[in-house]
2 protein chains.
Amino acid sequence: MKVTRNTTAKTAVLEVFEKSKTALSHTEIQKQLNNVCDRVTIYRILDRLVNDDIIHKISNLDGTVKYAKCNHSHQRVHIHNHAHFSCENCHEITCLETVKPSYIMPHNYKVNEINFTLSGLCPKCLNSNI
Amino acid sequence: MKVTRNTTAKTAVLEVFEKSKTALSHTEIQKQLNNVCDRVTIYRILDRLVNDDIIHKISNLDGTVKYAKCNHSHQRVHIHNHAHFSCENCHEITCLETVKPSYIMPHNYKVNEINFTLSGLCPKCLNSNI
DNA sequence: AATTTAACGCAACAATGTTGCAATTGATTT
DNA sequence: AAATCAATTGCAACATTGTTGCGTTAAATT
Ligand SMILES: [Mn+2]
Ligand SMILES: [Mn+2]
Ligand SMILES: [Zn+2]
Ligand SMILES: [Zn+2]
């Protein structure tokens, strides 16, 4: 097994996640990093963090991909079975850690990951658009 | 309101969907069309078909986007609230029209669309990988 | 057949993600 | 503290996917 190193770039990326209340895209992270490292490096750091279960990937209906910190890394079985909300107005994506879908699968499927994303208007945009 | 025309390209794309049991990406459709029309035209046709509720868009965790025919266009309220399964082995994406997630949303969110994609191994790949 | 405009082809562009390879640097050992 | 080793990085080059503008074509209506 590979050893994971704590580099300055990785630390910087983690700080960005720590400060953010919403999920972030590669581009959004890059903008906040002010040339701390190369574009490619960010991609590779994100891959590593996902692999190490430190962040998780969120795929939205419009094709955008974002990442957010995991607040449940202590769990034995690390599955991201909570919902995400994507606002059509402000385009912010937030984890709804309390919203967990229940469903019944047909037999003979092995489920490893789930991606449950709801889109519409977030509370902030819903109130300001009356 | 705009009038939608039945062009040869659109008819060809619909035939491809009719023949397919799984969801299709833009590239997969293009390959099956054998230069019936331009790449850009396929994008525009897909946009139109989604708008007319004839097909629906599916966004997968790995970032790929696919489309599938709607088998419920007759419904009054047209919401795609069924699950989709994405096989990590054969990469086929299928609609699970019978699998509908139930969940409880916090107040002050307006949900317009949902995207519920499960990934893992499909029955075909599960059986052949013992 | 004439009219109207949705739809098309083409070219050019933009955004996003990937790969190979030499150079760097974090962690470990001596 | 210096040497070691491989994980990580930067850079350049490339691939894929999706978008836009504009002049032309063709489906539908009159
Ligand atoms: Mn989340
Ligand atoms: Mn479906
Ligand atoms: Zn919002
Ligand atoms: Zn499969």
Side-chain angles (χ1 to χ4, degrees), chain A residues 1-17 23-68 86 88 91 93 115 117 119, chain B residues 1-17 23-68 86 88 91 93 115 117 119:
Chain A
M1 44 229 112
K2 266 188 168 189
V3 181
T4 311
R5 292 182 185 176
N6 286 317
T7 65
T8 49
K10 180 182 163 186
T11 308
V13 170
L14 278 176
E15 264 176 37
V16 171
F17 276 116
L24 300 165
S25 68
H26 169 272
T27 313
E28 287 164 345
I29 293 166
Q30 194 187 0
K31 278 174 190 158
Q32 291 197 40
L33 281 185
N34 275 91
N35 288 58
V36 166
C37 65
D38 193 73
R39 213 168 64 81
V40 179
T41 302
I42 302 177
Y43 278 115
R44 299 201 258 229
I45 289 174
L46 290 173
D47 283 347
R48 260 180 289 151
L49 292 177
V50 167
N51 247 287
D52 295 347
D53 284 331
I54 294 169
I55 62 175
H56 60 281
K57 196 172 176 178
I58 307 158
S59 164
N60 199 35
L61 248 192
D62 63 14
T64 56
V65 171
K66 299 215 177 188
Y67 299 85
S86 164
E88 291 166 356
H91 298 103
I93 295 185
N115 178 214
T117 311
S119 48
Chain B
M1 42 228 115
K2 265 189 166 189
V3 181
T4 312
R5 294 181 183 176
N6 286 316
T7 65
T8 49
K10 179 182 164 188
T11 308
V13 170
L14 278 176
E15 264 176 38
V16 171
F17 276 116
L24 299 165
S25 68
H26 170 273
T27 313
E28 288 165 344
I29 294 167
Q30 194 186 1
K31 277 173 192 158
Q32 292 197 38
L33 280 186
N34 273 92
N35 287 58
V36 166
C37 64
D38 193 74
R39 213 170 62 83
V40 179
T41 302
I42 301 176
Y43 278 115
R44 299 200 258 230
I45 290 174
L46 290 173
D47 282 348
R48 260 181 287 149
L49 292 178
V50 168
N51 247 287
D52 295 348
D53 284 329
I54 294 170
I55 62 175
H56 60 280
K57 196 173 176 177
I58 306 157
S59 165
N60 199 35
L61 249 191
D62 64 13
T64 56
V65 171
K66 298 212 180 190
Y67 300 86
S86 164
E88 290 165 357
H91 298 103
I93 295 185
N115 176 216
T117 310
S119 47

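A, B, ... follow the sequence lines: proteins, then strands. Residue 1 opens every chain. Since the structure is predicted, the reported quantities are computational estimates derived from the model, not experimental observations.
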From the candidates D:dC11, C:dG9, C:dA27, the one with an atom nearest any side-chain atom of A:V40 is D:dC11

Value in whole Å for how far the C1' atom of C:dA15 lies from CD of A:E28: 14 Å

Given that B:T8 and A:H26 both sit by DNA chain C, which one's nearest nucleotide is further toward the 5' end? B:T8

Go through C:dC8, C:dG17, C:dT25 for me and flag the one nearest to the A:R5 side chain. C:dT25

Which sits closer to the 5' end of DNA chain D, B:V65 or B:T7, going by the nucleotide each is nearest to? B:V65

Is a donor-acceptor pair below 3.5 Å formed from side chain A:R44 to base C:dG17, judging by atom type as modelled? no

Could you verify whether a donor N or O on one side chain and an acceptor N or O on the other, from A:S86 and A:T117, lie under 3.5 Å apart? no

Among C:dC8, C:dT18, D:dT8, the one nearest B:T41 by side-chain distance: C:dC8

Between atom CG in B:D47 and atom P in C:dA6, what is the gap in whole Å? 16 Å

Which nucleotide in the set D:dT9, C:dT16, D:dG18 lies at the smallest distance from any side-chain heavy atom of B:Y43? D:dG18

Please report, rounded to the nearest Å, how far the P atom of D:dA7 is from the CG atom of A:D52. 13 Å

Can a side chain N or O of B:T4 be found less than 4.0 Å away from OP1 or OP2 on C:dA6? no

Look at the side chain of A:R39 and decide which nucleotide, out of D:dG10, D:dT19, D:dA13, has an atom nearest to it. D:dA13

Does a side-chain N or O from B:T27 land closer than 4.0 Å to OP1 or OP2 of D:dT17, or not? yes

Expressed as a whole number of angstroms, how long is the span from A:K66:NZ to C:dG17:C1'? 17 Å

